[in-house]
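Just so you know, ligand 1 is whichever comes first in the structure, and atom 1 is the first atom listed for that ligand. On a predicted model such as this, the values are computed, not experimentally measured, just so you know.
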Amino acid sequence: MAAMWDKCLLLISCFAIHLRSGFVDGQEFHSSIDPDAYLSTPQIIRRHGYEAESHIIQTDDGYLLTLHRIPTNRLGIRGKQPIFIQHGLLSSSTDWVDSGNNSLAFILANDGYDVWLGNVRGNTYSKGHVTLSPKDAKFWNFSWHDMALHDLPAMINHISNITNRPGEILYIGHSMGTTMFYALASERPQIAQSIRAMVALAPVVYMTHIKSPIRYLAPWINDIQFLVKHLGMNQFLPSSKILKFLSYDCEKKLKKEICEDVFFILCGFDKQQFNDTLLPVILSHVPAGTSTKTVIHYLQEIANEGKFQKFDYGKNGNMKEYGQSYPPLYKLNNVDVPMFLMYAENDWLASPIDVKRLAENLTNTNYEMYKIPLDTFNHVDFLWGIDAPRLVYGPMMDYLRTYPLYYVAE
Ligand SMILES: *[C@@H]1O[C@H](CO)[C@@H](O)[C@H](O)[C@H]1NC(C)=O
Ligand SMILES: *[C@@H]1O[C@H](CO)[C@@H](O)[C@H](O)[C@H]1NC(C)=O
Ligand SMILES: *[C@@H]1O[C@H](CO)[C@@H](O)[C@H](O)[C@H]1NC(C)=O
Ligand SMILES: *[C@@H]1O[C@H](CO)[C@@H](O)[C@H](O)[C@H]1NC(C)=O
Ligand SMILES: *[C@@H]1O[C@H](CO)[C@@H](O)[C@H](O)[C@H]1NC(C)=O
């Protein structure tokens, strides 16, 4: 059993990782590496010739989040239509600016959008709280449910306020950025009404058919006490030995292939779309931090045989938390926002079968499905794939153009 658990830990770390090489305990990359590896999101944005803003906002439960914004295109002309982009698990706003000119945020800014990049609680840019410190276990007592019900409303309200366009914001989410949206739209449909249309990149709601090896963890998930005992309810593996071991290897570049392979093992194999030069940049920003509870909530989704439901505290915990012995399901029939579901055949985390099931379970029929026309395309190619601009962002923007740009008199 102990040996089994070690294997599990390794797999969970891999999940965490998407693999980090760069800055562990102040170690740095060698020269000849893209300077973006050393920079924060706003610094990367400025280095590429755009204006960058950081907005610190407070959620109704006291977390301090940083929203990044690219208000202008490369020529300094202000974007008119607010668009909000939400990153996935263990990531940050950097996801949208770290592929040079291929980055989605830059492409949208150049197309006339006012681009806002979210950062959820617990990541690199959102580790503040009015009373708690990340050193407190209580700080980490959240899952994506809380990001959906507290972080998203705070970020969306702020954007509505600053741009004075409630009801006009476009939403793009990747992976957990879609899970959060569906949880919000199920639980607080009136807030979701601030969103005019939504693009789901690799939507993750049902997880019965994931191919990623993390599915082998499922049998352990139902024993919440066991998990809490071994993983804690704290920050998710911030400095485990395994992470350090792997990052050491990658940093020394002895085994770059191994780093890539970890991505591939978790997300689906796709060497063709993976740009080697981006690896150090990506790995210096990912993983950006989350809570163990967030990861466990996902593992529960895999284990619970196809239910999109709230965190499972075990029978007694559920009675206390929800007044019933099972966690309540999210009410997907409340989701009433037009949406574009983009998914890929070789995505080991958001399988086409699960995405289709999501679509079938939406009572809202105002959606379109789009399968990426490349069979090897994987979960992270939506962010970093060499052909993402052509295969993903082009069709996405065609869809968004059916929601005409809003022009403000200046
Ligand atoms: C890989 O990324 C680098 C850095 O952004 C870029 O200069 C290069 O053109 C990319 N390669 C391909 C094939 O897109
Ligand atoms: C990105 O595009 C701009 C404008 O077209 C160009 O000036 C710049 O050199 C490009 N940068 C890279 C890394 O390709
Ligand atoms: C964590 O949050 C849950 C749900 O809100 C609550 O029931 C529990 O008591 C909290 N635990 C701690 C340690 O704060
Ligand atoms: C938005 O503006 C309203 C009215 O000015 C204010 O009550 C509210 O607190 C603001 N919300 C945010 C998130 O700034
Ligand atoms: C969701 O869709 C599946 C079929 O894909 C169906 O069996 C199930 O009953 C649906 N659930 C809901 C809540 O509509």
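- Closest to atom 14 (O) of ligand 3 by heavy atom, among Asn141, Asp146, Leu132, is Asn141.
- No heavy atom of Phe311 sits closer than 4.0 Å to any atom of ligand 3.
- Of the protein's heavy atoms, Lys320 NZ, 4.1 Å lies nearest to atom 9 (O) of ligand 3.
- By the 6.0 Å and 45° rule, Arg196 does not stack over the aromatic ring of Tyr403.
- In terms of heavy atoms, Lys310 sits closest to Gln300 at O-OE1, 4.4 Å.
- Residue contacts with ligand 1: Asn275 is placed with a nitrogen or oxygen under 3.5 Å of a nitrogen or oxygen of the ligand (distance criterion only).
- Looking at heavy atoms from C-beta onward, Tyr182 lies in side-chain contact with Val335 at the 4.5 angstrom threshold.
- For ligand 3, the polar-atom distance check finds no N/O of Lys138 at less than 3.5 Å from any of the ligand's N/O atoms.
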Between Tyr370 and Tyr399, does the ring pair (Phe, Tyr, Trp, His ring centres under 6.0 Å) criterion hold? Intermediate values first, please.
CA-CA 10 Å; Tyr370 186 89; Tyr399 173 80; over 10 Å; no
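- Inter-residue side-chain proximity for Tyr206 and Phe308 is flagged as met; some heavy-atom pair is nearer than 4.5 Å.
- The nearest heavy-atom contact from the protein to atom 7 (O) of ligand 3 is Glu321 OE1, 3.0 Å.
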